[in-house]
Amino acid sequence: MAGGVGAAKLLAGIVKVIDPKELTVIGNTGDDIELHGLHISPDLDIAAYTLAGIVDKTQGWGISGDTFQCLDALKTFSGFEWFHLGDRDLATHIFRTNLLRQGYSLSQVTQKVCVALGLKTTILPMTDDKFETRITTKAGTMHFEEYMVKRGAKDEVLGVEFYGAEKAKPAAGVVEAIENARRVVICPSNPVVSVGTILSVKGIREALKRTDAVKVGVSPIIGGKPVKGPADKLLRGLGCEVSAFAVTELYADFLDVFVIDIVDASEKERIEQLGVKVKVTNTVMRNMSDKVELAKTMLET
Ligand code: GDP
């Protein structure tokens with residue numbers, strides 16, 4: 001189960017440890033947004049570009065070496081463009097939107113994208129249905145990307161809303177993938193707006209509780225802080241503390257093992273009282289060797 005950049009780092013390690021064909025990624029679509037009439041799926045694309053080896057490694061999103069001529073031209077017409085879309089990246093969104101308009105589901109389109117990029121791994125959107133993460137701040141309620149990218153995640157989070165969660169069903173194959181898995185890995189992703197969104201789709205949490213698979217998560221919070229991104233603001237917005245313990249609480253009803261960083265070793269006992277086993281190791285992925293080591297821990301613990 002994967003969000004964006006944090007998850008992609010671990011996915012890159014996992015496909016070095018197991019046959020990529022054996023991996024199914026269940027991706028967050030709460031960040032999906034329509035811009036310029038195009039359907040953008042940021043987290044699904046980060047996973048696909050990373051596994052295809054074409055991701056822009058500095059940003060962690062977009063395509064390496066991409067140019068921004070189309071976006072520059074769009075600025076002529078519409079002024080400020082806050083969401084960065086490269087020229088080659090735009091081709092993915094044009095392809096996706098065109099097929100969605102022809103009646104294909106997001107999971108069918110995602111499969112076509114993965115095949116075209118030469119991936120052996122299956123990437124499934126959590127749902128094919130309309131779903132949008134909205135953040136409430138003093139400036140109002142807005143799409144997650146507006147909070148995150150346009151406003152730079154600077155606002156205090158007063159609430160998080162999963163628009164569409166009431167009706168959204170898991171995409172075809174999601175529940176089966178969880179039920180038939182030997183292991184379910186919860187990537188180091190935002191526990192509220194990446195893993196939290198996936199878990200809010202009715203049927204997914206139940207499948208996680210039901211499956212015989214070993215469920216292993218890794219903390220995106222290290223030493224009381226996120227490695228990157230606004231997970232601290234979002235956890236506080238839900239009234240949670242910012243710690244590995246607080247993340248475990250959100251997953252405790254289905255999780256078997258939680259991997260925490262060495263700097264958080266003192267939290268082990270408190271977390272184990274939630275009924276979740278704890279493995280303490282380095283969880284900071286600075287290079288490929290870190291990614292592979294963490295992947296081994298996630299798959300072998
Ligand atoms: P992103 O903001 O698009 O990357 O969204 P994600 O849902 O992938 O969330 C990123 C989360 O992963 C943040 O909370 C980070 O703290 C966490 N993260 C990023 N890199 C690492 C890492 O190397 N190790 C661990 N343990 N967590 C990480």
Side-chain angles (χ1 to χ4, degrees), residues 1-14 25-33 40-51 55-62 83-84 123 126 133 135 144-145 147-149 152-153 157 160 185-200 216-238 240-248 250-251 257-265 267 271 278-295 297-298 301:
M1 291 168 51
V5 181
K9 290 200 267 180
L10 182 58
L11 294 176
I14 290 177
V25 179
I26 301 174
N28 166 42
T29 60
D31 301 4
D32 283 25
I33 187 165
I40 324 281
S41 297
D43 283 356
L44 300 181
D45 289 347
I46 288 170
Y49 295 163
T50 301
L51 293 172
V55 78
D56 180 321
K57 289 203 176 70
T58 319
Q59 310 276 13
W61 49 264
F83 202 84
H84 295 272
I123 301 180
M126 62 189 198
T133 303
I135 307 295
F144 174 74
E145 294 295 2
Y147 159 81
M148 179 75 198
V149 181
V157 175
V160 180
V185 172
I186 318 297
C187 284
S189 291
N190 192 306
V192 182
V193 295
S194 290
V195 180
T197 39
I198 300 174
L199 294 173
S200 78
V216 187
V218 54
S219 182
I221 303 294
I222 301 181
K225 290 195 298 268
V227 177
K228 183 187 141 284
D232 49 348
K233 291 196 169 102
L234 287 150
L235 282 167
R236 277 192 213 105
L238 291 194
C240 300
E241 64 176 46
V242 183
S243 65
F245 174 80
V247 179
T248 322
L250 298 174
Y251 307 159
V257 185
F258 202 48
V259 178
I260 64 171
D261 199 83
I262 298 154
V263 302
D264 293 315
E267 288 199 52
I271 295 175
V278 171
K279 167 85 184 170
V280 181
T281 188
N282 168 51
T283 68
V284 184
M285 294 174 282
R286 293 186 189 88
N287 50 42
M288 187 48 89
S289 153
D290 290 341
K291 294 173 194 175
V292 169
E293 283 313 308
L294 185 57
T297 303
M298 300 302 288
T301 301

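Computed from a predicted structure; not experimentally measured. Just so you know, residue 1 is the first one in the sequence shown, and it goes up from there. Just so you know, ligand 1 is whichever comes first in the structure, and atom 1 is the first atom listed for that ligand.
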Requested in this report: Note the single closest protein heavy atom to atom 23 (O) of ligand 1, along with its residue, its atom name and the distance in Å.
Outcome: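 Residue, atom and distance for the closest contact: Met285 N, 2.9 Å.
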Query raised in the report: Who's the nearest protein heavy-atom neighbour of atom 7 (O) of ligand 1, and how far?
Result: Ser194 OG, 2.7 Å
Nearest option to [atom], as decided by whichever heavy atom of [options] sits closest:
| atom | options | result |
| --- | --- | --- |
| atom 9 (O) of ligand 1 | Asn190, Thr197, Asp290 | Asn190 |
| atom 26 (N) of ligand 1 | Ala2, Ser219, Gly6 | Ser219 |
| atom 10 (C) of ligand 1 | Gly4, Gly30, Pro191, Pro188 | Pro188 |

Report task. Determine whether the side chain, the backbone, both or neither of Lys9 has a heavy atom under 4.0 Å from any heavy atom of ligand 1. Result -> side chain
**Report entry** Side chain, backbone, both or neither: the part of Asp261 lying under 4.0 Å from ligand 1 by heavy atom
**Finding:** neither
Taking side chain as C-beta onward, heavy atoms only, is [X] less than 4.5 Å from [Y]?
| X | Y | answer |
| --- | --- | --- |
| Asn282 | Glu293 | no |
| Asp32 | Pro42 | yes |
| Phe144 | Asn28 | no |
| Thr281 | Asp261 | no |
| Tyr251 | Met1 | no |
| Leu234 | Ile135 | yes |
| Asp264 | Ile221 | no |
| Pro188 | Val227 | no |

Query raised in the report: If you measure from CZ on Phe258 to CD on Glu267, what distance do you get to the nearest 0.5 Å?
Result: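 These two atoms lie 9.5 Å from each other.
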**Report entry** Straight-line distance of Cys240 SG to Leu250 CG, nearest 0.5 Å
**Finding:** 5.0 Å
Relative to the heavy atoms of [X], which atoms of ligand 1 are at a distance of less than 4.0 Å?
| X | result |
| --- | --- |
| Ala7 | 8 (O) |
| Ala231 | 14 (O) |
| Thr283 | 22 (C), 23 (O), 24 (N), 25 (C), 26 (N) |

Before signing off on this row, confirm whether [X] and ligand 1 have an N or O atom pair separated by under 3.5 Å.
| X | answer |
| --- | --- |
| Lys228 | yes |
| Val227 | yes |
| Ile221 | no |
| Val5 | yes |

**Report entry** Test item, Gly229 contacting ligand 1 (heavy atom, 4.0 angstrom)
**Finding:**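 Distance cut 4.0 Å: Gly229 fails for ligand 1.
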